[in-house]
2 protein chains.
Amino acid sequence: MARASTTSDAFNAVAEPRRRDILSFLVAQERPVNDIVASLGLPQPSVSKHLRVLLEVGLVDVRRDGRQMFYRTNANAIRPLHEWTSTFERYWRHQLTRIKERAEANELQS
Amino acid sequence: MARASTTSDAFNAVAEPRRRDILSFLVAQERPVNDIVASLGLPQPSVSKHLRVLLEVGLVDVRRDGRQMFYRTNANAIRPLHEWTSTFERYWRHQLTRIKERAEANELQS
DNA sequence: TTGACATATTCCGATATGGGAATATGATTA
DNA sequence: TAATCATATTCCCATATCGGAATATGTCAA
């Protein structure tokens, strides 16, 4: 077996930086493909391929209007990632507390 | 070019489900490799390889004690993922609001 | 020093990737 | 219908992956 497919879930789809850029760009409002091409400065076929991956895992939705395809980020599909990372939140808070305490202890010394 | 290396950043490292399992397991307290092997039921070489990836991107720390290696999740390295997903939070909130409003409208109809 | 234990590395093969270039499909307009 | 615009797909290639199996490294104990 090789690495899991990029279309296997949101975690894999989002590992590619360009796809994260696209998601950020499409979250405020839907946009035709050419807007993405122009704004991110990527070759059009590349954008289409990335959009296909994002579509397959449900990270974007599409709507056709004439010959244009309007894509929009489906923010809901990002929630699982957010929730997974949230389970670690209390631990980095812990770390911060310890770092802070150490810093304060050092200030008392000096 | 091919897909970015799994060691290129936390996003890529975390795309692999086993590595997420390992991070969850190691977050509460440090553990020797054999504990991971036993708890997750993975072959030992596989665990060592995954730990190497996690170590390279700073998602875990190690400490040696005799012949054992104690690994622990570095929660701080997960923050970038959390922060990136957080930028989408207001948008799924929006969606929820719209869905809720629609549901309530439907209740009035029925 | 030898053996046992804990962990890491190497070699292999099948597979999917993303970029580039070319081209196909689909829809509109002249 | 032909030309044009917007987007999608295909082909090729270099590369890195993960799993499995075998083996290496490193540390401790007898």
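We use all heavy atoms of the structure for the numbers below, so side chains are in, but hydrogens, waters and symmetry mates are not. Within every chain, numbering begins at 1; the chains are lettered A, B, ... in the order of the sequence lines, protein sequences first and strands thereafter.
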Exercise for review: Please state how far atom CD in Glu56(A) lies from atom C1' in dT17(C), giving the value in whole angstrom units.
Suggested key: 14 Å
Point to revise | Under 3.5 Å donor-acceptor, Thr6(B) side chain and Asn12(B) backbone | key: no
Practice item. Would you list the pairs meeting ring pair (Phe, Tyr, Trp, His ring centres under 6.0 Å) in which at least one residue belongs to residues 31-83 of chain B, sequence neighbours left out? Key: His82(A)-His82(B), Trp92(A)-His82(B)
Check your understanding: For nucleotides 25-30 of chain D, read 5' to 3', which letter fits each nucleotide if B means a protein heavy atom sits under 4.0 Å from the base, S means only the sugar-phosphate is that close, and - means neither?
Key -> --BB--
Revision key, fill the gap. Between CG of Asn12(A) and C1' of dT17(C) the distance, given in whole Å, is 11 Å
Check your understanding: Are the side chains of Val57(A) and Asp9(A) in touch, meaning some heavy atoms are under 4.5 Å apart?
Key -> no
Check your understanding: If only atom types and distance count, is the side chain of Asn74(B) paired as donor or acceptor with the main-chain N or O of Gly58(B) below 3.5 Å?
Key -> yes
Practice item. Would you indicate whether the side-chain heavy atoms of Phe11(A) and Leu81(A) approach each other to under 4.5 Å? Key: yes
Practice item. Could you tell me the separation between the CE atom of Met69(A) and the P atom of dT28(C), rounded to a whole number of Å? Key: 12 Å
Check your understanding: Quick one: do the Glu89(A) and Thr85(A) side chains pair a donor with an acceptor below 3.5 Å?
Key -> no
Review point. Hey, is the main chain of Ala13(B) close enough, under 3.5 Å, to the side chain of Arg19(B) for a donor-acceptor pair?
Key: yes
Practice item. Look at the side chain of Ser5(B) and the backbone N and O of Thr7(B), then say whether any donor-acceptor pair between them is shorter than 3.5 Å. Key: yes
Check your understanding: Tell me, for nucleotides 15-23 of chain D in 5' to 3' order, what letter each nucleotide earns: B for a base near a protein heavy atom under 4.0 Å, S for only sugar-phosphate near one, - for neither?
Key -> BSBBBBBB-
**Study point:** Pairing residues for Ser39(B) by the side-chain contact (heavy atoms from CB on, under 4.5 Å) criterion, not counting sequence neighbours
**Key:** Phe25(B)
**Study point:** Residues in contact with DNA chain C, drawn from residues 20-41 of chain A - heavy-atom cutoff 4.0 Å
**Key:** none
Check your understanding: Within less than 4.0 Å of OP1 or OP2 of dA8(D), is there a side-chain N or O belonging to Tyr71(A)?
Key -> yes
Check your understanding: Taking CD from Gln68(A) and C1' from dT28(C), how many angstroms apart are they, rounded to a whole number?
Key -> 11 Å
Check your understanding: In whole angstrom, what separates Leu51(A)'s CG from dA6(D)'s P?
Key -> 16 Å
Point to revise | dT9(C) phosphate, OP1 or OP2, under 4.0 Å from Arg52(B) side-chain N/O | key: yes
**Study point:** side-chain contact (heavy atoms from CB on, under 4.5 Å) involving Val47(A) - partner list, sequence neighbours excluded
**Key:** Val33(A), Ile36(A), Val37(A), Leu42(A), Leu51(A)
**Study point:** Joint hydrophobic cluster, Leu59(B) plus Val53(B), side-chain heavy atoms closer than 4.5 Å
**Key:** no
